[in-house]
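Notes follow the structure.
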Amino acid sequence: SENEYEERIDHWHNTCKWYQPFGKDADEGFKSGYFIGAPAIDRIVLAVLGKRRSQKDESYDKLVKKLREQLVYCIFDGERIPASIVIAAINRASNPFTFENKNAKNNSDRWRDWEHVLGATCALVKRYYHDYKKEEFAVELETERRDRDYLFGRLLAVADKIESSARYKQDKTKKDDRATNAIRYMPAFSQHPFRTWNMLFTQQLNPYIQQLNGAGWYMNLIGDIKQRFEPGDYERNDPLDGRYLLGFFAQRQDFRKRQIDKNGGENNDLKDQN
């Protein structure tokens, strides 16, 4: 019936929603650069299958057709999202350099594909936990959540922010689009979080923490996040699941929102928190 048809579409958009970057405005900040909603099908295709290898790629076209059919069943028939789709997207989102555009004409283009993939993947992960675990994740940062994977994702976002803040402090006249160490080590972090985090914190972040005069606000945040781990979870080194991307994205988005709130609408650094 018409009502049921509309209800199923509405259900898809409510259970598979996350922050999605607007096309070319993805780098303009929290208010203008993102909307909350389900990702476009083309973005899901990019997240799950990656980029087309050549203009004529029949095997890729067949995979795209199959993926679109699976998504149609999820949207209109209310079927559960296939776990294989979600796992593929998580693996691609955890490897940012596969989407880096080194030939981008400006800084905002360099990581746009990865930002699109990250937003789409978080939406798919959210839908997966709704379908299989009957668990709901908020789009906004959940500061009280104690999931090990979610918390490690938050820690990775803080490491990313410390380095990018220190770079901004060094030279405020230009935007540094190089990947931070947190992004560079994301594949290793997703597989060995405790070991990789210790390496990042004790080796890679040290000079940036010093540049931020001890980075007191960020260090307090790291301490607060670590306190939320259940006993023994922080020291576990087994691979992370897709919840770490939810924590990573939500924490990054919280930083973006704070930037705009504190600087009167400008997407500058967290001046009062360095």
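As the structure is a computational prediction, the values presented were derived from the model and not from experiment.
Put simply, the side chain of K62 does not reach to within 4.5 Å of the side chain of K66, judged on heavy atoms. Taking the side chain as every heavy atom from C-beta outward, T180 and M186 never approach each other to under 4.5 Å. Under the 4.5 Å side-chain criterion, counting only non-hydrogen atoms from C-beta, K126 is in contact with E136. Residues C16 and W12 form a side-chain contact, since some pair of their non-hydrogen atoms from C-beta on lies under 4.5 Å apart. Looking at L245 and W18, their side chains never come closer than 4.5 Å, going by heavy atoms from C-beta outward.
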Audit row: E140, Y19, side-chain hydrogen bond (donor to acceptor under 3.5 Å, both in side chains) steps and yes/no = CA-CA 9 Å; E140 305 296 344; Y19 278 101; 2.7 Å; yes

Please lay out, stage by stage, how D42 and R68 fare under the test side chain to side chain contact (heavy atoms under 4.5 Å, CB included).
-> CA-CA 9 Å; D42 286 344; R68 287 180 181 276; 2.6 Å; yes

Kindly indicate, with the supporting measurements, whether the criterion salt bridge (charged side-chain N to carboxylate O under 4.0 Å, His left out) is fulfilled by D238 and R148.
-> CA-CA 11 Å; D238 44 310; R148 166 185 175 267; 3.5 Å; yes

Verdict with supporting geometry, D160 and R184, salt bridge (charged side-chain N to carboxylate O under 4.0 Å, His left out) | CA-CA 10 Å; D160 176 63; R184 286 178 54 219; over 6 Å; no

Steps toward side chain to side chain contact (heavy atoms under 4.5 Å, CB included) verdict (R154, L141) | CA-CA 9 Å; R154 291 186 63 191; L141 178 65; 3.7 Å; yes

Before giving the answer on salt bridge (charged side-chain N to carboxylate O under 4.0 Å, His left out), spell out for E115 and R252 the whole-Å C-alpha distance, their side-chain angles and the decisive distance to 0.1 Å.
-> CA-CA 12 Å; E115 291 286 351; R252 287 177 89 212; 3.2 Å; yes

Audit row: L240, L156, side chain to side chain contact (heavy atoms under 4.5 Å, CB included) steps and yes/no | CA-CA 12 Å; L240 300 172; L156 187 66; over 6 Å; no

Working for side chain to side chain contact (heavy atoms under 4.5 Å, CB included), residues T196 and M199 | CA-CA 5 Å; T196 308; M199 181 274 295; 4.3 Å; yes

Decide salt bridge (charged side-chain N to carboxylate O under 4.0 Å, His left out) for D233 and R236; before the verdict, give the C-alpha distance in whole Å, the side-chain angles of both, and the deciding distance to 0.1 Å.
-> CA-CA 5 Å; D233 275 358; R236 283 168 49 204; 2.9 Å; yes

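Between C122 and F249, the shortest heavy-atom contact is SG-CB, 3.8 Å. When all heavy atoms are compared, the tightest approach of A89 to L124 is CB-CD1, 3.9 Å. Considering all non-hydrogen atoms of both residues, F35 and P21 come closest at CE2-O, 4.2 Å. Taking every heavy atom of both residues into account, A83 and Y132 meet most closely at N-OH, 3.8 Å. Between I81 and C74, the shortest heavy-atom contact is CA-SG, 3.7 Å. Nearest heavy atoms, I162 versus L212: O-CD1, 3.6 Å.
There is no path of hydrophobic side-chain contacts, each under 4.5 Å, that joins I87 to L71. Residues Y73 and L67 do not share a hydrophobic cluster, defined by chaining ILVMFWY side chains whose heavy atoms lie under 4.5 Å apart.
Separation of the F189 and Y185 ring centroids does not fall under the 6.0 Å cut-off. Residues F152 and F194 keep their aromatic ring centres 6.0 Å or farther apart.
One N or O on the side chain of N206 and one on the backbone of T202 form a donor-acceptor pair closer than 3.5 Å. In this structure a side-chain-to-backbone donor-acceptor pair under 3.5 Å is present from E163 to N181. With hydrogens and angles ignored, the 3.5 Å screen pairs a side-chain donor or acceptor of D149 with a backbone N or O of D241. Side chain of Y208 to backbone of K161: no donor-acceptor contact under 3.5 angstrom is found. Counting only distance, with no hydrogens or angles, the side chain of R8 and the backbone of F76 share a donor-acceptor pair below 3.5 Å. S190 places a side-chain N or O within 3.5 Å of a backbone atom of P187 that can act as its donor or acceptor partner. Judged by distance alone, with hydrogens and angles left aside, the side-chain atoms of R92 form a donor-acceptor pair with the main-chain N or O of V48 at under 3.5 Å. One N or O on the side chain of K169 and one on the backbone of Q211 form a donor-acceptor pair closer than 3.5 Å.
With sequence neighbours left out, the ring pair (Phe, Tyr, Trp, His ring centres under 6.0 Å) criterion links H130 to H11. Applying the side chain to side chain contact (heavy atoms under 4.5 Å, CB included) test to D147 and every residue at least two apart in sequence or in another chain returns E135, F137, R145, Y150, R243.
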Check: residues 93-102 side-chain donor-acceptor pairs under 3.5 Å, at least two apart:
from : atom 1 : to   : atom 2 : distance (Å)
S94  : OG     : I90  : O      : 2.8
S94  : OG     : Y244 : OH     : 2.6
N95  : ND2    : N91  : O      : 2.6
T98  : OG1    : N95  : O      : 2.8
E100 : OE2    : R110 : NE     : 2.7
E100 : OE2    : R110 : NH2    : 2.5
N101 : OD1    : N103 : N      : 3.2
N101 : OD1    : A104 : N      : 3.4

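Heavy-atom neighbours of K51 NZ from other residues, nucleotides or ligands within 6.0 Å: above the threshold of 12. Taking a 6.0 Å sphere around CD of E58, one finds it holds 12 or fewer heavy atoms contributed by other residues, nucleotides or ligands.
Separating the CZ atom in R53 from the OH atom in Y60 is a distance of 8.0 Å, to the nearest 0.5 Å. To the nearest 0.5 angstrom, I183 atom CD1 is 3.5 Å from W114 atom CH2. Expressed to the nearest 0.5 Å, how far CG of L155 lies from CD of Q251 amounts to 9.0 Å. With values rounded to the nearest 0.5 angstrom, L49 atom CG is found 10.0 Å from D57 atom CG. Atom CG of residue L118 and atom CD of residue Q20 lie 9.5 Å apart, to the nearest 0.5 angstrom. Between the OG atom in S165 and the CZ atom in F255 there is a gap of 8.0 Å [rounded to 0.5 Å].
K65 has no carboxylate O lying under 4.0 Å from a charged side-chain N of D61, or vice versa, which leaves the two without a salt bridge.
With hydrogens and angles left out, the side-chain atoms of Q259 and R256 include no donor and acceptor closer than 3.5 Å.
R127 pairs in a side chain to side chain contact (heavy atoms under 4.5 Å, CB included) with only one of the listed residues (N14, V86, T15, I85), which is T15.
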